[in-house]
There are 2 protein chains.
Amino acid sequence: MTDAVDEAAGADEAADESFGSVTPDAARRLLLGAVEAFAERGFHATTTRDIAGRAGMSPAALYIHYRTKEELLYQISRVGHERSVRILGAAAETGDTAAERLDAAVRTFVRWHAEYHTTARVVQYELSALAEEHYTEIVAMRRRTEEILRTILSDGVAAGEFTVADVNGTALAVLSLCIDVARWYRSGGPRTPDEIGGLYAGLVLRMVGAEPRGV
Amino acid sequence: MTDAVDEAAGADEAADESFGSVTPDAARRLLLGAVEAFAERGFHATTTRDIAGRAGMSPAALYIHYRTKEELLYQISRVGHERSVRILGAAAETGDTAAERLDAAVRTFVRWHAEYHTTARVVQYELSALAEEHYTEIVAMRRRTEEILRTILSDGVAAGEFTVADVNGTALAVLSLCIDVARWYRSGGPRTPDEIGGLYAGLVLRMVGAEPRGV
DNA sequence: GTCTATAGGGAGATAGAC
DNA sequence: GTCTATCTCCCTATAGAC
């Protein structure tokens, strides 16, 4: 079977990009190697030799910890989605007004996509390489993400804070803004993840017609 | 060598998704097969057998018209980028005010990404599979795209139409909105490409703090 | 220009020693 | 648990007949 690939509650290590709690050590190194390789080249262009090499092991060692190459992608995708949904969900409960919650949600979600852009790139753009059953499971988690944003927008409209003609379409647009950060973000660029989060939160508040807060 | 893969000026066929002018017929069918396959599975997961099969030919026939599988991707990417830049550039000259030009640019660019989402998906998300020289060439074309948006935003700020703190960052955000449509759009969804274009143009005008026009 | 057949190279995954 | 060696499959690209 597979080694323990579960999230420990409090883990937030930057270097491990949220896989810090994976044990044993070899399994974690393989997972981190796979994240890097999949992010760089994509799942199908990545060889098991490459992954094992990044983990400092022989190709065969991979199969002690994971049944297939696809299972590595699945674990990355599953843990990555769990974490991103949790982070977004927590932020979406921060604040009394819908505007505050939307600000926190976008700020946090964007920051996650920038800071952990390597993981995020795999999480967001390699879905189609998942086995069908795994794909189905992950898609369900992704619906939670959309749901969270839709709820904030609906709440804001109901409370008279936002002016949004098409809640579903606008939620999709907000999500696009956040997700696409993982595609273009590079470490060492002109903006920090925090700055991008702040910029995008402001843009989104305007998008939904929220009154400027404290400007 | 390669058969003629150039854009005929007036071609806008929906079915051919902008490759209608490629000749001879077999070369075009292969290109269209490749677009479909690359969009569905990605470049590396697509086999030349699959591409040739979609074109109703044997695997070997592919090499009469294209030197390698990568050349197919290159032609798709090149023609697709040429077309998308031209469409965006034309829209960006439509209108007297910056707001009108931004509206037209976003509306048109989004519509293109939805209507030709199959081509757009390859154009936007398979870049990393290009050979290095081809990649370099395509990246240069992509800079034109960013440039067009930055110019509209700068003009709008200079004219006092927009309130934008970070022109570069905001241009990137606008681009994200447009591009990401190719990722999630499915034919037969609840919104037409035109509706999405209209929705997104409105969202973007709000993002840049443009006064509501005619609302 | 298109086909059938196949060369040549890796890829994912396994066997079995240590 | 990890390694070396290797199996087996299938992919890209080519050869040569038609």
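Residue numbers start from 1 in every chain, and the chains themselves are labelled A, B, ... in the order their sequence lines are given, proteins ahead of strands. The shown structure was predicted, so the numbers you read here are calculated from the model rather than taken from an experiment.
With axes fitted over five pairs at each extremity, the angle between the ends of the helix from C/dG1-D/dC18 to C/dC18-D/dG1 is 0° (10° resolution).
A straight line from CZ of A/F43 to P of C/dA11 spans 14 Å, rounded to a whole angstrom. The distance between atom CG of B/L62 and atom C1' of D/dC11, rounded to the nearest whole Å, is 13 Å. The distance from atom NZ of A/K69 to atom P of C/dG10 is 16 Å, rounded to the nearest whole Å. Here the C1' atom of nucleotide D/dA13 and the CD atom of B/E70 are 15 Å apart, to the nearest Å. One can place NE2 of A/H44 at 15 Å from P of C/dA11, the figure rounded to the nearest angstrom. Atom CZ of A/R49 and atom C1' of D/dC7 are 12 Å apart (whole Å). C/dG12 atom C1' lies 12 Å from atom CG of A/L72, rounded to whole Å.
Of the charged side-chain nitrogens involved, at least one lies within less than 4.0 Å of a carboxylate oxygen, so that B/R78 and B/E82 count as a salt-bridged pair.
Under a cut-off of 6.0 angstrom, the local environment of CZ in A/R150 is crowded, with over 12 non-hydrogen atoms contributed by other residues, nucleotides or ligands.
Contact check, A/Y63 against C/dA13: a side-chain N or O comes under 4.0 Å of OP1 or OP2. Checking the phosphate oxygens (OP1, OP2) of C/dG12, a side-chain nitrogen or oxygen of A/T48 falls inside 4.0 Å.
Scanning both residues, B/V122 and B/F38, for their nearest heavy atoms gives CG2-CB, 3.7 Å. Between A/A173 and B/L203 the shortest heavy-atom distance is CB-CD1, 3.7 Å.
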Contact list (N/O, under 3.5 angstrom) for nucleotides 1-3 of chain C vs protein:
| unit_1 | atom_1 | unit_2 | atom_2 | d |
| --- | --- | --- | --- | --- |
| C/dT2 | OP2 | B/H65 | NE2 | 2.7 |
| C/dC3 | OP2 | B/S58 | N | 2.8 |
| C/dC3 | OP2 | B/S58 | OG | 2.9 |

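A distance-only check finds no donor-acceptor pair linking the side chain of B/Y66 to the backbone of B/L73 [under 3.5 Å]. Side-chain atoms of B/R121 come within 3.5 Å of backbone atoms of B/Y185 as a donor-acceptor pair (strictly under, hydrogens ignored). Between the side chain of B/R41 and the backbone N or O of B/T46, no donor-acceptor pair lies under 3.5 Å.
Ring geometry for A/Y200 against A/W184 counts as tilted: the plane angle lies between 30° and 60°, on a 0 to 90° scale. The aromatic rings of A/H113 and A/F109 lie perpendicular to each other, with more than 60° between the two planes, well past the 30° mark.
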